[in-house]
Amino acid sequence: MKIHEYQGKVILAAHGVPVPKGRAAYNPAEAVEIGKELGFPVVVKAQIHAGGRGKGGGVKLARTAEECEALAKAMLGMTLKTHQTGPEGRVVRRLLIEQGMDLAGAKEMYLAIVIDRASGKPVVMASAQGGMDIEEVAAKDPKAILKETVEPAVGFQAFQARKLAFGLGLPAASVGAAVTFMQALYRAFESADASLLEINPFLMTKAGALLALDAKINFDDNALYRHPEFKELRDLDEEDALEVEASKYNLNYIKLEGGNVGCMVNGAGLAMATMDIIKLAGGSPANFLDVGGGATAEQIRNAFRILMTDVDVKAVLINIFGGILRCDVLAEGVIAAVRDLNVKVPVVIRMKGNNEERGKQMLRDSGLNFATADDMKEAAKRVVQVAGGAA
């Protein structure tokens, strides 16, 4: 789950991380009111779930109330395109109005905490080359990215923070403040069960003050049950409508661009393998859809309905291993969905496991035009063929 910059800064401030003063605005009048409270100049920042907003025209300085109002009117409702939004962009529906900072003589750096899947531990990363092009820095000069792996049992230690501070080239007088800053950042990361916490830029002003000038926080969805207060931070306008609908039924769905084969699978690993084999067969998957090991007939029906909402889907491949989810339960849900939704696209089903023969018999007895396959390779070839080949 992603949240906006202004929401992330509230969480950081609560853990003692210094951030500029600012508030969210939803219309030009609110923007001007907040600007007057903070005192001009202020920075008007578009709030979308994507980086690179400055390059796209989503971060501007307003020196007067009139400029603030004009910028707010121009940004609200605009479609902001960045390297992370894709060509379709994102519509700006809210702004962050923040106190302006004097960047003359300031040092812009990069600071982030992520989960390293290889080690299974958090890693604190830092770079003296902060700013909007950090991805380019990482690609061209990997050594410019400093890393400290954190042992979860003991947490992020002061000596690790000092190593990063000296590696960033901070003056000795600022190292103590940097240690305090980084450890507060780690506390926020750990307390929120975050999967990503990124500060870009991490700013040291000319006077030596340290600030999180920007903030990006992603939460671990699997830990959200521990944080009911985070539910209100979710912005459904920033998420794909089909993904939002799927989440209502505890389905893991991600739409893929350019695909025409709808996939319904139980288990993330099997889902990834299914998408791979569709590609090998010359087709293109339209989505990732994991209905989970314990899906019910009702969940199967809802999953099918979501698949059919995607107009790009020309055929559907259902690939199920019957373990907890029995094959007869799958068949029941698929038959009900195809009848209720009057599905016109071809459906290819490959099922193996618990109650496999009963499930196949139910499909045959349904009178509906299902195609079945005994193995994944055969299923992939058949579904690509009926979908019309590669997308």
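All values derive from a computational prediction rather than experimental measurement.
- Atoms CG and NZ, from N27 and K73 in turn, are 11.0 Å apart once rounded to the nearest 0.5 Å.
- Across all their heavy atoms, R364 and E357 have their closest contact at NH2-O, 4.5 Å.
- Of the residues listed (D193, L196, I11), the one engaging F219 in a side chain to side chain contact (heavy atoms under 4.5 Å, CB included) is I11, and it is the only one.
- Under the 4.5 Å side-chain heavy-atom criterion for Ile, Leu, Val, Met, Phe, Trp and Tyr, L203 and L170 are members of distinct hydrophobic clusters.
- Within 6.0 Å of NZ in K352 there are more than 12 heavy atoms belonging to other residues, nucleotides or ligands.
- In the hydrophobic cluster analysis, where Ile, Leu, Val, Met, Phe, Trp and Tyr join through side-chain heavy atoms closer than 4.5 angstrom, L341 is grouped together with L289.
- In this structure, R339 CZ and S366 OG are separated by 6.0 Å, a value rounded to the nearest 0.5 Å.
- Distance NE2/H4 to CD/Q47: 6.5 Å, rounded to 0.5 Å.
- Looking at D116, its side chain never comes within 3.5 Å of a backbone N or O of K121 through a donor-acceptor pair.
- Residues F156 and L164 have side chains in contact (heavy-atom distance under 4.5 Å, counting atoms from C-beta outward).
- At a threshold of 4.5 Å between non-hydrogen side-chain atoms, the residues E245 and R305 count as touching.
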Worksheet item: Could you go step by step and tell me if Q361 and R358 meet the side chain to side chain donor-acceptor pair (under 3.5 Å) rule?
Response: CA-CA 5 Å; Q361 187 62 47; R358 174 170 172 74; over 6 Å; no
Worksheet item: What do the steps show when you test N354 against R326 for side chain to side chain donor-acceptor pair (under 3.5 Å), and what is the final call?
Response: CA-CA 5 Å; N354 192 7; R326 305 193 317 264; 5.6 Å; no
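- Between D237 and R94 there is no salt bridge, since none of the side-chain N atoms of the basic residue sits less than 4.0 Å from a carboxylate O of the acidic one.
- Heavy-atom minimum distance, L12 versus A188: CD2-CB, 3.9 Å.
- Under the 4.5 Å side-chain heavy-atom criterion for ILVMFWY residues, no single connected hydrophobic cluster contains both V10 and L197.
- V124 has its side chain out of reach of F189: every pair of non-hydrogen atoms, C-beta onward, lies at least 4.5 Å apart.
- Counting only heavy atoms from C-beta outward, the side chains of E239 and R234 approach each other to under 4.5 Å.
- Side chains of K2 and N218 form a contact here, defined as non-hydrogen atoms less than 4.5 Å apart.
- H49 and D235 are not linked by any side-chain donor-acceptor pair at a separation below 3.5 angstrom, with hydrogens and angles left out of the test.
- More than 12 heavy atoms of other residues, nucleotides or ligands shown are found within 6.0 angstrom of NZ on K360.
- T82 places a side-chain N or O within donor-acceptor distance of the main-chain N or O of G51, the cut-off being under 3.5 Å.
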Worksheet entry | Check against side-chain contact (heavy atoms from CB on, under 4.5 Å), N266 and V291 | CA-CA 5 Å; N266 66 330; V291 298; 3.8 Å; yes
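- Between atom CZ of residue R23 and atom NZ of residue K9 there is a gap of 14.5 Å, rounded to the nearest 0.5 Å.
- The main-chain N or O of V32 is never found under 3.5 Å from a side-chain atom of E69 such that the two would form a donor-acceptor pair.
- The 12-atom threshold is not exceeded at CG of N369, counting heavy atoms of other residues, nucleotides or ligands nearer than 6.0 Å.
- Taking every heavy atom of both residues into account, A72 and P28 meet most closely at CB-CA, 3.8 Å.
- Look at E298 and R301 and you find a salt bridge, because one of the NZ, NE, NH1 or NH2 atoms lies within 4.0 Å of a carboxylate O, short of that distance.
- Other residues, nucleotides and ligands contribute more than 12 heavy atoms inside 6.0 Å of the NZ atom of K255.
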Discussion item. Quick one, S284 with K279, criterion side-chain contact (heavy atoms from CB on, under 4.5 Å). Give me CA distance, side-chain angles, the key distance, then yes/no.
Written reply: CA-CA 5 Å; S284 186; K279 292 291 287 186; 4.2 Å; yes
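- No chain of hydrophobic side-chain contacts below 4.5 Å, direct or via other Ile, Leu, Val, Met, Phe, Trp or Tyr residues, connects L146 to V179.
- Remark: side-chain polar atoms of E148 are not paired, donor with acceptor, to backbone N or O of A161 under 3.5 angstrom.
- Taking CD of E243 as the start and CG of L236 as the end, the distance is 11.5 Å to the nearest 0.5 Å.
- Under the 4.5 Å side-chain heavy-atom criterion for grouping Ile, Leu, Val, Met, Phe, Trp and Tyr, L213 is not connected to I48 through any hydrophobic cluster.
- For the side chain to side chain donor-acceptor pair (under 3.5 Å) with R350, the lone residue among D374, T372, N319 that qualifies is N319.
- Contact record, S127 with I145: CB-CD1, 3.8 Å, taken as the closest heavy-atom pair.
- Contact of the L307 side chain with the N287 side chain is registered, since non-hydrogen atoms from C-beta on lie closer than 4.5 Å.
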Worksheet item: Passes side chain to side chain donor-acceptor pair (under 3.5 Å), Y110 versus E198? Steps please.
Response: CA-CA 8 Å; Y110 175 85; E198 184 179 60; 2.6 Å; yes
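- Among the candidates L111, L210, I199, the single residue satisfying the side chain to side chain contact (heavy atoms under 4.5 Å, CB included) test with M182 is L111.
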Fill in: Candidate pair M75 and K45, rule side-chain contact (heavy atoms from CB on, under 4.5 Å), full reasoning
CA-CA 9 Å; M75 285 189 193; K45 308 176 84 172; over 6 Å; no
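- Of all heavy-atom pairs spanning G35 and I97, the tightest one is N-CG2, 4.0 Å.
- When every heavy atom of Q157 is checked against every heavy atom of V154, the shortest pair comes out as NE2-O, 2.8 Å.
- Contact check for I335 versus F370: side-chain heavy atoms found under the 4.5 Å cut-off.
- I349 contributes atom CD1, which lies 4.5 Å from atom CD1 of I318 (distance to the nearest 0.5 angstrom).
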Item to complete: Could you go through the side-chain contact (heavy atoms from CB on, under 4.5 Å) check for K377 and I277 one step at a time?
Response: CA-CA 7 Å; K377 185 176 181 180; I277 203 165; 4.2 Å; yes
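- Side-chain contact check for M376 versus L270: some heavy-atom pair is nearer than 4.5 Å.
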